Structures are given as structure tokens and as C-alpha cells.
Colleague: 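There's a structure below that I have some questions on.
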Amino acid sequence: VRTTRGGVLRRAEEADFELFVAASAGRLLRTAYLLVGDLGLAEDLLQTALERTARHWPGLSGAPEAYARTVLANLATDRWRRLGTRPREVLGSTLELATPDATSTVELRLTLIDGLLQLTRRQRAVLVLRFFDDLTEAQTAAALGLSVGTVKSTTSRSLARLREIASLGDNASEGINT
Amino acid sequence: MTDVETLLRRAMTEHTESLPVPSRLASNALHKATRRTRANRVIAASTAVVLAAAGIAAWTGVGHHDAKKGLVSAAGVVVVPDVTRGYLNDIQRRLCAAGLKPQIVSAPPINHGGSGLNGYGVIKISPPSGASVPAGSVVQLKLGYDVNAGGIEASAPASSLVPKVLGLSVDQALISLVGLDYAVDVTVQTPADGLQIIAQDPEPGVRLAKNQTVTLVAGSAYGGACNPNL
């Protein structure tokens, strides 16, 4: 991605950028939250990702959200690397943020989210991009700098691990269908 | 496996659907991006100026400083290095290396019976150290006795036939003769670049007792080429 005019946007470009943020900030924030498991940190990552997106805005050629999502994933990875090991995030205000639901469904959802946070950073990032952002395997591979084969194998292992962590059995399907 | 995938999709969506999106995200991002860009421009411009100045200096010689060679400017001006006192050989080498022409203008007799070589060396240079002169300028050296002068490098004395010192530089002649325990009287005929011995008495090959005086006449015998290997 190349910047033009030294990264300073024209007025019209600023307006386009503001429209982009209004349309995609919610999705990007949710992605960031699922990646790092902390709302405050997710907001910081989103702000940084948007700043970088703004700096490269003139050269993004119609795919700014994908670029911002890639920056988010990289920022999360950088943070994990700085910490040395994957942090043990807590769910924080999950219950307050969740929509009213049947108790069993809420418990199942919390179990899955907790299981997601117990995965390795790569496994979590792959699952978030694949099943929350609905990226294809190729798009996920591009966003995370992995090969498509690695994304496939990581997805398979991550789901198996998630099933194991959440101890999902036949009752899981029952819970989601209530 | 499909069930886990479906459950996970739904869990992630429901878990995050009520997250509050901060306000002013776009304006903050634009503000920070602009500020970062300007800061980067300042850094880049400063770096470019420094690199350009360094490049120009390297190309023209400005700022090239060597403690032994002196400071050479773009206009070919040389700062005379600090060689006020010291060994004649060393001083001549340093002046030559700085692009100057050392010229011995005064070399009084070596008092062999007294101090001998001890303290005999360069006691004054003109123009003085630190002066800015055009490259290639002559720097006049005055030899003599000074407790701070480095003296002249010499080998062990021996009695022998008077060696031929014609054509040698003054310091080479002095070293050769004083090293044989002769007293030396040097007369500078005409101060000039590349001062050489143009006459000697006694003549080469004459046996001369220790502590006797050899008289030399120094003058310009060639074009004054600077020989840093003196």
C-alpha cells in the first residue's frame, strides 16, 4: 500500500474516510474485542488501526476494511509477542453486554467464548476471521500472513480444541436451538 | 464439527453485538495520522539535510579533521597541525601529510660536547599551529635546543669515516653524523622547500675523530617535493 501526497488527505478523502469509519467501526471493534478479549484494549487497537488506515487511505483502492482488519490482527499479534505468552484474558463485562437470552444459551455462549480465549493466538485469530468476519480461507491467510494450508489445518485443530474445551456434546445443539 | 462452527459463529456475534462503539474514532484517527505524517516529514527533512550536509562535506573535504593531518576546507585551506615541538622526522611527515611543505630555515650547530642530541629538534614553526594557510604552503621550521623539543632520532654513536651526507635532508644528515658522535654545524644557505645538504666539510671518506665538528651547508637542490616518508 502506498500513500500519496505524504499521507495528508484532501477534504473529500477525509469525508470518505469518515463514512468508512461510521460503517465499519462496529465490526472492527468486535473483531478486535474477540482477538484480545478486553474492550479497552480493543478500542486502543481499533484507534491505532484506523490511524494507520487513514495514513494509507489514498492507496487502499477500495478495500479499506480488509486493510484495517489486517492491521488489527497484526497489532494483536504484536501485543501477544510483547507479552511473551498469550495472556489469560477474562470475559469482563460479557454478561452485561450480552443480549437477554435463555440461561442455557447464555452459558453455552460464555463457554465457547471462554474456550476461544484459551486457544493460541493463531488459533483464535483464524477462528475470528473465518467465522466472525466471514473471510475465506485465502483472505484469512492473507490477513494473517499464513498459507492457505496452515489456515485450513489451524481451523480444523482449533475447532477440535474448542469442542474439547467446551465439552460439547449432543446437548450443545439442543442449547443453540432453544 | 459443523455444529461447533455454527455455535461459535452465533456465540461470537451475540457476545459482541452490544459493544459500544467509541465516538470520534474517525476524527481522532485523522488528527493522529496528520500529526504523525507531519512529524515524519520533519524527521525526514532533518535527516535529509544532515545527510546532504555530510555528503557535501565528504565530497568537498569540509569538516574532514585529522588530529595529525589538520583540518582541510573546501577552498583548499589547511590548518597547520599542532607540531610546534617534537622530532624533526615526525613533524616533517605530519606537515607533508597535511598538504604542507616543511622547510628548515635554521639549524644551529649541535653542541656535541654539551647536550648533544638531547633536546635538539624543532623549536618553532611558521606559520604557527592552528593558522589557516592555502594547501601547499611552506611551513618554516627552526631547529634548536629546547627542553621540550623531541630531538632527533639517532642510532648509537661510533667513530668512523665521515659519511657522505650530500643530497640528504638536514635531519637525515644530522642523524647520520651525530649518531657517529660528531658535532655538526649546519648553515642554511637559502631557505627553500626540500632543503638538502649541498656541501660538507670534511669530505666523505675522511677519517675524523669523535667529537670533531662536521660543517654542512643546506640549500635547495631540487623542486621541493614533499616526502612524507622522511
Side-chain angles (χ1 to χ4, degrees), chain A residues 3 6-9 14 17-22 25-26 28-31 33-34 39 42-43 46-57 91 94 96-99 101 105-106 108-113 115-116 127-128 130-132 134 155-156 159-160 162-163 166 168 172-173 175-176, chain B residues 1-65 71-75:
Chain A
T3 60
V8 177
L9 304 186
E14 285 188 5
F17 178 77
E18 288 169 354
L19 287 175
F20 155 73
V21 173
L28 291 171
L29 177 64
R30 290 191 282 275
T31 299
Y33 176 70
L34 289 170
L39 182 57
E43 290 176 354
L46 175 61
Q47 188 68 71
T48 303
L50 291 177
E51 178 195 336
R52 293 186 186 179
T53 305
R55 292 213 309 266
H56 297 92
W57 182 259
L91 292 175
T94 301
E96 290 73 26
L97 297 171
T99 54
D101 205 341
T105 304
V106 171
L108 176 60
R109 181 186 352 126
L110 296 181
T111 301
L112 285 171
I113 295 299
L116 181 70
L127 292 186
V128 169
R130 284 284 287 118
F131 302 130
F132 178 74
D134 285 327
T155 302
S156 176
L159 289 175
L162 198 57
R163 177 184 287 272
L168 289 177
S173 298
I176 201 70
Chain B
M1 190 67 71
T2 304
D3 290 341
V4 181
E5 186 181 316
T6 304
L7 292 172
L8 181 62
R9 284 179 189 273
R10 182 165 178 175
M12 287 191 292
T13 300
E14 292 179 350
H15 186 69
T16 60
E17 64 185 358
S18 300
L19 287 178
V21 179
S23 59
R24 299 179 57 80
L25 277 172
S27 57
N28 287 343
L30 287 170
H31 175 70
K32 288 184 178 179
T34 303
R35 194 171 56 183
R36 177 72 63 89
T37 299
R38 285 176 180 159
N40 289 344
R41 281 180 177 176
V42 170
I43 293 171
S46 303
T47 305
V49 168
V50 170
L51 290 176
I56 291 172
W59 184 64
T60 60
V62 170
H64 174 66
H65 182 266
L71 187 67
V72 183
S73 74

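The sequence lines fix the lettering, A, B, ..., with proteins before strands; numbering per chain opens at 1. Treat the numbers as computed from the prediction; the structure is a model and nothing was measured.
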Colleague: Please classify the contact between A:Leu50 and chain B as side chain, backbone, both or neither, with a heavy-atom cut-off of under 4.5 Å.
Modeller: both
Colleague: For A:Arg30 and B:Thr13: C-alpha separation, side-chain torsions, deciding distance, then whether side-chain contact (heavy atoms from CB on, under 4.5 Å) applies.
Modeller: CA-CA 8 Å; A:Arg30 290 191 282 275; B:Thr13 300; over 6 Å; no
Colleague: Side-chain contact test, heavy atoms from C-beta onward, threshold under 4.5 Å: evaluate it for B:Met12 versus A:Leu112 and give yes or no.
Modeller: no
Colleague: Identify the heavy atoms of B:Pro22 and A:Leu29 that sit nearest to each other, and give their distance.
Modeller: CD-CD2, 3.9 Å
Colleague: Find the one option among A:Val21, A:Val128, A:Thr31 whose heavy-atom pairs under 4.5 Å with chain B are most numerous.
Modeller: A:Val21
Colleague: Calculate, to the nearest 0.5 Å, the distance between atoms CG and CG belonging to B:Leu8 and A:Leu34 respectively.
Modeller: 8.5 Å
Colleague: Look up atom CZ in A:Arg163 and atom CD in B:Glu5, then write down how far apart they are to the nearest 0.5 Å.
Modeller: 11.0 Å
Colleague: Which distance, rounded to the nearest 0.5 Å, do you find between the OG1 of B:Thr16 and the CD1 of A:Ile113?
Modeller: 7.5 Å
Colleague: Check each atom of A:Arg52 against the heavy atoms of chain B and say whether the ones under 4.5 Å are side chain, backbone, both or neither.
Modeller: neither
Colleague: Relative to chain B, which segment of A:Leu127 carries a heavy atom at a distance below 4.5 Å: side chain, backbone, both, or neither?
Modeller: both
Colleague: If you apply the rule side-chain contact (heavy atoms from CB on, under 4.5 Å), what do you find for B:Leu30 with A:Glu18, and how did you get there?
Modeller: CA-CA 9 Å; B:Leu30 287 170; A:Glu18 288 169 354; 3.9 Å; yes
Colleague: Heavy atoms only: give me the nearest A:Leu39-B:Pro20 pair and the separation to one decimal.
Modeller: CD2-CD, 4.2 Å
Colleague: To check you understand the geometry: which heavy-atom pair defines the closest contact between B:Ala29 and A:Gln47, and what is its length?
Modeller: N-NE2, 3.3 Å
Colleague: Let me confirm one number: the CZ-CG distance from A:Phe20 to B:Leu25, rounded to the nearest 0.5 Å.
Modeller: 10.5 Å
